[in-house]
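Beneath this line is the structure, given in structure tokens, with notes to follow.
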There are 2 protein chains.
Amino acid sequence: MREQEYTESEEKIFLAALDVFSREGKNGARMQEIADRAGLNKALIHYYFRSKERLYEEVFSFVMRRYLLSLAASLKDNTSFEELLREFVTRFLDLLNEHPTLPLFILRELSEGAAVMEEKIRQIIVPSGAGLPAVFTEAYRAAAASGEIRDLGASQTLITIMGACIYFFAGYPVLAALMPDIASDRDASLQERKQHIYDLVMYGLKPRLESES
Amino acid sequence: MREQEYTESEEKIFLAALDVFSREGKNGARMQEIADRAGLNKALIHYYFRSKERLYEEVFSFVMRRYLLSLAASLKDNTSFEELLREFVTRFLDLLNEHPTLPLFILRELSEGAAVMEEKIRQIIVPSGAGLPAVFTEAYRAAAASGEIRDLGASQTLITIMGACIYFFAGYPVLAALMPDIASDRDASLQERKQHIYDLVMYGLKPRLESES
DNA sequence: GTCTATATCTCGATAGAC
DNA sequence: GTCTATCGAGATATAGAC
């Protein structure tokens, strides 16, 4: 929520919780493990955060906000759609690589919380992320209007780009098991991935002269 | 595992477990809820499946196998890469739409199980899914060799396609909160999605004549 | 095979000393 | 603020009657 006003112990707990919740999920996480990892005891967690539920909420809000703000930031200050796309893909993949558990952490919460959390989700997502699709959509429409790209729908395109980025991390265990070339050098595959997504999407959006279907 | 040799009660339990585990995850699921939903009692679950862990494993294996086999099936018997792509996207999205909890169910397990499950994962994935990337890769390489498409890497392209399909479902709560146009008509968005992915990818892969960058 | 009743245990939460 | 010790809810798992 704030993290500025945190005392030293509070922050130790928060960081430990971030770590444990990311790996184990809300239900899988154990207060004891969080305490151990923080180098403190369980009682202190309750002293500062009252309950597991509240601690989790604070961690989730923080993660979600960081995630959306980071995405939104990478969309600002680009001169062309082409530059925006390259910047977005590069920075998004770098962000995910720094925090590989991040996408599943968020997605899992959304599926488990479903109905109950829906309202809370909106409270977090909309303020932090409002800039995200707006900036992208605006840039997309401008580029489409000027003829720089085809209009396949801004939202649909953004979903495709994000999915293409996220799935590399979220689905990595499956991918690695199925594709030896990906498993053999993860870092190289990730770098290739930046170029691949940018290339495929940009090429797919650019109008072509009168030729094939 | 088999489901053929199941008795009637066994199958009731299995189906109830499939339902509950899909919605709640391994840790969130309660044996009591599975028993209630099966119209039986907890003791019987242990009689047939011994423990929650074993029951979960059987459900997970089944889901994973069905998922991979279904994907692999949609790749067979296509005459051109273009047809294969259209068929794959359409059938994959239909599969996910029928089982919207499926992607997160699998992804969650992979993240939680991580190190421990890695070996078991391979035992399930590789046999069931071996055909998947192989068939795609072969078709991709043939099309690339004949000049029908550009060679951006078969694995990278497959990851992009799968990610673009899966994220619509896995990330739906975020997407719906951020994009009013998606939220307003989910079914229509899903149908658009089929066309969008096919169009963007196919157009992005097709070589163009000498023109712009 | 199926049930009820219960044992056993894990974990979140609290009490209370310091 | 921080700790140890412990409670009590709720979950998995088992015993044993039918």
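Protein chains get the first letters and strands the later ones, always in sequence-line order, with residue 1 at the start of each.
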Check whether any side-chain nitrogen or oxygen of [X] sits under 4.0 Å from OP1 or OP2 of [N], and answer yes or no.
X	N	answer
Asn41(B)	dT2(C)	no
Arg30(A)	dT10(C)	no
Thr7(A)	dG1(D)	no
Ser51(B)	dT12(D)	no
His46(B)	dA13(D)	yes

Please work out if Tyr48(A) contacts a base, only the sugar-phosphate, or nothing of the nucleic acid, heavy-atom cut-off 4.0 Å. sugar-phosphate
So Ala35(B), base contact, sugar-phosphate only, or nothing? Heavy-atom distance under 4.0 Å. nothing
Whole angstrom is fine here: how far is it from [atom1] in [X] over to [atom2] in [N]?
X	N	atom1	atom2	result
Glu10(A)	dG1(D)	CD	P	8 Å
Glu24(B)	dA11(D)	CD	C1'	14 Å
Asn27(B)	dT12(D)	CG	P	10 Å
Leu44(A)	dG12(C)	CG	P	16 Å

What's the closest nucleotide to the Ala43(B) side chain, out of dG12(C), dA15(C), dT4(C)?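 Between dG12(C), dA15(C), dT4(C), the one nearest the side chain of Ala43(B) would be dT4(C).
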Please tell me which of the listed nucleotides, dG1(C), dG1(D), dT12(D), lies nearest to the side chain of Tyr47(A)? dG1(D)
Quick check with a 6.0 Å cut-off and a 45 degree axis cone: is Arg86(B) positioned over the face of Tyr198(B)'s six-membered ring?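 Yes, Arg86(B) lies over the aromatic ring of Tyr198(B).
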What do you reckon, is CZ of Arg54(A) surrounded by more than 12 foreign heavy atoms closer than 6.0 Å? no
Is it the case that Gln32(B) and Asp36(B) place a side-chain donor and acceptor less than 3.5 Å from each other? yes
Member of Arg193(A), Gln195(A), His196(A) meeting the side chain to side chain donor-acceptor pair (under 3.5 Å) criterion with Gln156(B):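 The residue from Arg193(A), Gln195(A), His196(A) that satisfies side chain to side chain donor-acceptor pair (under 3.5 Å) with Gln156(B) turns out to be Arg193(A).
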